[in-house]
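Since the structure is predicted, the reported quantities are computational estimates derived from the model, not experimental observations. Every chain is numbered from 1, with letters handed out A, B, ... down the list of sequences.
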There are 2 protein chains.
Amino acid sequence: MVDSRRVTLKDIARSLGVSVNTVSRALTDKDSVSEATRARIKAEAQRLGYVPNPMARSLVLGSAMTIGLVITNPSNPFYARLISAIEHRGRGYGYSLMLLVNEESPDGDQTAAQTLLRWGVDGALIVPAVQGDGEHWERLPESGIPLVCLNRDLPGLDLDCIGVDYELGAYTAARHLVEAGARTVCLLEEDLPISPVADRTAGFLRALTEAGLPAGADRVRSVPTRRRASLALPWEPADAYHLAQDIVRGGDLPDAFMVGNDYFALGVYRALTEAGLRVGEDVLVGGFGDHPFAAYLNPSLTTVALPAAEIGTSAVDLLVSRMRGQDDHDRADKRRLPAELVVRTSSRRDEQALVT
Amino acid sequence: MVDSRRVTLKDIARSLGVSVNTVSRALTDKDSVSEATRARIKAEAQRLGYVPNPMARSLVLGSAMTIGLVITNPSNPFYARLISAIEHRGRGYGYSLMLLVNEESPDGDQTAAQTLLRWGVDGALIVPAVQGDGEHWERLPESGIPLVCLNRDLPGLDLDCIGVDYELGAYTAARHLVEAGARTVCLLEEDLPISPVADRTAGFLRALTEAGLPAGADRVRSVPTRRRASLALPWEPADAYHLAQDIVRGGDLPDAFMVGNDYFALGVYRALTEAGLRVGEDVLVGGFGDHPFAAYLNPSLTTVALPAAEIGTSAVDLLVSRMRGQDDHDRADKRRLPAELVVRTSSRRDEQALVT
DNA sequence: CTGAAAGCGCTAACAT
DNA sequence: ATGTTAGCGCTTTCAG
């Protein structure tokens, strides 16, 4: 392989007998370059296969044309969709994406913050790890790097945050279960101290209270997440399966289960089926996430669809407007996009309606 | 917000009355700096909150300490796991990850190649888009940027490639179905001209041939992928559902279905169930991918587990060794990691065994 | 052991 | 319209 050094402005300049600077101006479409030379320069650049060096460019311009995305777990389908949307939208604006994974650990968070700071990204979208008091994040806005929180709020800092209205989503879902006839509903939630869990729990309990049903803390069960090799894996249906099994065996069987994510619903389905109970008839089930498989389970799963793409898209939009300094002095923007209940068979006690 | 310019070496130098360069040496742990001054410098750097600027560093060093990852679709769970593994391993080596999405289009590929080239990443892992003759990729190795193909081979170029042994995986799965009693097996595959599809098809047909069963091209059906808004979405079970429905209605019912990915299995399950057929008894089903839901379907899905994490990890290892120029003159490394058949209930005609 | 000088590739002043 | 100079932040000569 020939030692093919990158072609630089200097190469073009020399080859054409003009100054480096003229080449720069020609290529960046500044005026004050005659059309003739510009054409010659562009042609030569093309011929030589010139590719601008963003390092050098960023160094002098101070902008890297890069945004950072810090996420807990790319294998979580919700975050996967977020990544897709963000990459796409960011690319539309001309930004490259630097992806960092914190694996749900404060250490990972810290490292990510550090990396972002080093690179001097123009802005970052973050799903902060649990337990983070978030203090390491503070330095980024201080250094002029705008931050937008995704999905989870970071209570300490006054940051922009775009999430889901989990409270209303859970309220709607729980209310639906109650209207379908459930009297003793049990919520199975992830055992993480994060705002989505808290919000869903709140909405869930609100619906029960409103319906005059018992709404004690015992209606909510934390799924003991079996500590996996890495948290960078999707949720584990088995965890919910075991808990549901315990509940079923415990005798005090709820007539409906609501779960924090569709993967848990898989576990609940199995626990119920194995106990000879019919999902959607003996016991209703409602999920969260509207994973592609939800519509195809038997019975199909009633669940709450999350606006992942919208979150990603509007987060990039917001970030870009912050980066451009257009609303530097606005208050932090806390936005919660609506989630939508998708009613399917697992919550219809009577009808045997087939799903679309 | 105070105008907090980044702290630079110069700031530290001035504040301490030493030269910029001594600071640089102290901080990068070069020798030829007295322990005393080094300590003072490190302390001051700490105090001031110094963060090195990788742009400047890369500019002079020529290495960005960044690897690029080009992927067709982060929402595809297989690729999502790949991303997780690659980010993790790359981080272990100290590399940052630049994520690019080609959305299965040659244009996206071209753009990605261009971006990678601009940034001068140290190396890149790519899942090239279909139809790409791959010529735009050539320039990267030419510029000294090593490339490793993931999952799909790029026939044109002589690149390193780490994928899955889909042929053997499919062979094993098909053979298993035959041994379970299937005589007329039908393979449902994605309608993309990519090597994984070709390999699975080959393995599938080999198993049939070997068993003395009809192995004509009509045993393989292409799932007409409904053109979605964006290809950056997971597979659509509905596509397979419709095809399976057609097949069932066509009368010439196979006694087993094999599908190219577990999402298709969801569609097949529904088509069969709706036709009053019992999966795993009247008709066997085998999938590919071992998605988390596979074990939790009813009946649980026999499928082929793919070594996503291993691919990601070893791809990074290989890339790093290439970047270090350790085996610059080796021939391209074409590696196919083994996939593993996971037998569950959907392929057991008789036993009603419960899954673990 | 430390400092001074040069340069990575590019752009933005300031000339001309 | 073009060239010259300077500098982004850092590292690597080369002197001292």
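- Separating the NZ atom of A/K30 from the P atom of C/dT11 is a distance of 7 Å, rounded to the nearest angstrom.
- Comment: A/R152 engages A/E104 in a salt bridge, judged by a side-chain N to carboxylate O separation of less than 4.0 angstrom.
- With B/D109 contributing its side chain and B/N102 its backbone, the two residues share no donor-acceptor pair below 3.5 Å.
- Using a 4.0 Å cut-off between charged nitrogen and carboxylate oxygen, B/R6 and B/D11 do not count as a salt-bridge pair.
- A straight line from CG of B/L27 to P of D/dT11 spans 8 Å, rounded to a whole angstrom.
- In this structure, the side chain of B/T66 does not engage the main chain of B/L97 through any donor-acceptor pair within 3.5 Å.
- The distance from atom CZ of B/R25 to atom P of D/dT13 is 12 Å, rounded to the nearest whole Å.
- Distance, B/R14 CZ to C/dG3 P: 15 Å, rounded to whole Å.
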Return the polar atom pairs (N/O with N/O) between nucleotides 6-10 of chain C and the protein under 3.5 Å, or none.
residue: C/dG9; atom: N2; partner: A/A56; partner atom: O; Å: 3.4
residue: C/dC10; atom: OP1; partner: A/Y50; partner atom: OH; Å: 2.5
residue: C/dC10; atom: OP1; partner: A/N53; partner atom: N; Å: 3.3
residue: C/dC10; atom: OP2; partner: A/L9; partner atom: N; Å: 2.7

Which pairs of donor and acceptor atoms, one on a side chain in residues 112-121 of chain B, lie under 3.5 Å apart (sequence neighbours left out)?
residue: B/T115; atom: OG1; partner: B/T111; partner atom: O; Å: 2.8
residue: B/W119; atom: NE1; partner: A/S96; partner atom: OG; Å: 3.3

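- In summary, of the residues considered (A/R47, A/K10, A/E44), a side-chain hydrogen bond (donor to acceptor under 3.5 Å, both in side chains) with A/S15 occurs for A/E44 alone.
- At D/dT2, none of the side-chain N or O atoms of A/S19 fall inside 4.0 Å of OP1 or OP2 (strictly under the cut-off).
- Regarding A/R40, its CZ atom lies at a distance of 15 Å from the P atom of D/dA1, rounded to whole Å.
- Distance from the side chain of B/T37 is smallest to C/dT2 among C/dT2, D/dT12, D/dG3.
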